[in-house]
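Worksheet: the structure to be examined is printed underneath.
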Amino acid sequence: MDHFLYRDGSLHAEDVPLTEIAAAVGTPVYVYSAATLLRHYRLFDEALAWGPHLVCYAVKAASNVAILKLLGDAGAGMDVVSEGEYRRARAAGVPGDRIVFSGVGKTEGEMRHVLAGGVRQINLESEPEMRLLSRVAAEMGVEVPVTVRVNPDVDAKTHEKIATGRSENKFGIPIARAREVYAEIDRLPGLRVVGIDVHIGSQLTDLDPFRQAYRKVAQLTGALRADGHAIERLDLGGGLGIPYARSNLAPPVPQEYGAVIREEVGHLGCEVEIEPGRLIAGNAGLLLASTIYVKEGEGRDFLILDAAMNDLIRPAMYGAHHDIVTVAEPAAGTETRPYDIVGPVCETGDTFAKAREMPQIKARDLVAFRSAGAYGAVMASEYNARPLVPEVLVQGSDWAVIRPRPSYEEMILREAIPQWLSAG
Ligand SMILES: *Cc1c(COP(=O)(O)O)cnc(C)c1O
């Protein structure tokens with residue numbers, strides 16, 4: 001459930017008409033609903049209420065500091081995959097002891113930064129990384145809590161670009177080798193084992209792969225404890241999917257996911273961490289755009305929007321579906337017609353939807369891409385020298401720009417012409 005509803009004939013974000021935001025900020029613009037973000041965070045928190053737990057929001061899904069502040073103030077931890085995300089979480093006031101550092105390629109500089117600033121745990125992804133972290137921590141005279149991300153070789157049954165738990169993926173250490181790796185950690189200075197980490201992929205719409213992975217983690221917990229390791233914490237990753245099309249069969253809800261976690265690992269007495277990103281932010285944001293032209297083509301009409309693949313890359317990158325709705329509420333029984341919905345970027349891939357049934361649309365009409373809150377603004381670029389898409393956060397009847405659209409002057413002044421080109 002989200003808080004984007006038609007009211008008085010027009011789509012609103014909570015109590016704010018999207019027409020008002022479009023008029024004030026211009027389009028394209030991302031609009032997030034605070035109530036929806038908080039609701040989704042709390043659903044996870046409640047789903048794990050049967051035991052000690054921390055819901056660590058996966059910052060990469062939507063990393064604006066205002067969103068991190070909102071979730072952090074509600075009690076969320078953060079899962080970060082870079083120094084930049086760590087700095088964002090800290091800038092949002094999230095204490096280090098609620099920040100988990102994940103990611104396959106942590107650099108020495110990043111390790112030093114988070115160890116100096118404080119971190120809840122570091123999830124190790126490889127043996128070279130484990131040895132480097134040991135050296136850095138020992139040099140800094142600290143002992144860092146670690147888990148090892150194990151790769152359970154489970155098919156997440158999701159898009160291949162976002163499946164991470166198969167043995168051919170770059171992530172984690174093969175689960176069969178885990179005991180060896182934990183034994184080595186015990187011999188290394190600066191590292192202290194606290195648990196196990198797993199994350200098998202994103203946009204999972206079936207609980208079975210989670211169950212398989214968590215069962216393997218439970219077995220490994222037993223084996224590692226028998227080897228003498230203190231396994232107190234299980235980081236079970238993110239990945240629960242969202243309904244991108246209203247017509248979809250709804251994926252499992254956090255409550256059902258929490259029940260699977262309880263069944264598979266609840267008896268182990270561990271603190272459970274999860275790292276949801278998409279489910280918290282995805283349906284809490286939409287991309288508001290306006291129609292530049294309606295162009296008649298051979299056998300089809302094109303809606304040419306002012307939003308493009310640089311603002312929302314998911315359709316081009318993953319072939320992803322987004323529901324696209326008119327901001328003006330279509331009257332009951334309104335006839336629809338098929339449109340190819342495209343952006344103005346010079347790439348055929350800049351196509352959001354083909355033959356999409358929409359009510360008749362004319363130039364300057366506003367449309368909204370639903371379910372765009374996760375992996376939307378964070379993946380935006382300035383390709384075709386299009387200004388980075390701005391972001392707005394709504395809370396009740398309040399709204400604020402949380403990332404302004406840069407001016408063309410700012411964009412150009414960020415770059416520099418070398419002396420040897422400007423001289424003479
Ligand atoms: C991307 C990622 C997540 C979040 O995945 P969602 O599908 O957005 O829930 C969590 N943990 C790790 C390690 C990730 O890489």
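One-based numbering, in listed order, for ligands and for the atoms of each. This is a predicted model, so every value here is computed, not measured.
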*Just by distance, do the side chain of Lys157 and the backbone of Thr205 share a donor-acceptor pair under 3.5 Å?*
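It does not hold such a pair.
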Considering heavy atoms of the protein only, find what lies nearest to [atom] and give residue, atom and distance to 0.1 Å.
atom: atom 12 (C) of ligand 1; result: Glu275 OE1, 3.4 Å
atom: atom 7 (O) of ligand 1; result: Ser202 OG, 2.3 Å
atom: atom 8 (O) of ligand 1; result: Tyr375 OH, 2.5 Å

N/O of [X] under 3.5 Å from N/O of ligand 1, yes or no?
X: Pro276; result: no
X: Leu279; result: no
X: Arg149; result: no
X: Lys60; result: yes

What part of [X], side chain from CB on, backbone N/CA/C/O, both or neither, has a heavy atom under 4.0 Å from ligand 1?
X: His199; value: side chain
X: Ile162; value: neither
X: Ala58; value: side chain

*Do any heavy atoms of Ala374 fall under 4.0 Å from ligand 1?*
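Per 4.0 Å heavy-atom rule, Ala374 does not contact ligand 1.
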_Using a 6.0 Å distance limit plus a 45 degree cone around the ring axis, check whether Arg314 lies over the aromatic ring of Tyr244._
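Judged by the rule (NZ or CZ under 6.0 Å from the ring centre, within 45° of its axis), Arg314 counts as positioned above Tyr244.
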*asked:* Whether Lys106 engages the ring of Phe101 as a cation-pi pair (distance to the six-membered ring centre under 6.0 angstrom, angle to the ring normal within 45°) should be assessed.
replied: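 Because its charged atom sits under 6.0 Å from the ring centre and within 45° of the axis, Lys106 does stack over Phe101.
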*asked:* Quick one about Ser202 and Arg278 (side-chain donor to acceptor, distance below 3.5 Å, no hydrogens or angles considered), yes or no?
replied: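 Result is yes, a qualifying pair exists.
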_Could you walk me through whether Thr291 and Asp365 satisfy the side-chain hydrogen bond (donor to acceptor under 3.5 Å, both in side chains) test, starting with their C-alpha distance in whole Å, then the side-chain angles of each, then the deciding distance to 0.1 Å, before giving a yes or no?_
CA-CA 5 Å; Thr291 309; Asp365 282 355; 5.8 Å; no
*Parallel, tilted or perpendicular: ring planes of Tyr30 versus Tyr32, cut at 30 and 60 degrees*: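 The rings of Tyr30 and Tyr32 lie parallel, inter-plane angle below 30°.
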*Within a reach of under 6.0 Å around CD of Glu357, are more than 12 heavy atoms found that belong to other residues, nucleotides or ligands?*
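Enclosed: over 12 neighbouring heavy atoms sit under 6.0 Å from CD of Glu357.
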_I need the atoms of ligand 1 closer than 4.0 Å to a non-hydrogen atom of Arg278, numbered in the order shown._
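Counting atoms of ligand 1 from 1, those under 4.0 Å from Arg278 are 6 (P), 8 (O), 9 (O).
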*Work out which heavy atom in Arg386 is nearest to a heavy atom in Pro344; give both atom names and the distance.*
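So the two residues come closest at NH1-CG, 3.4 Å.
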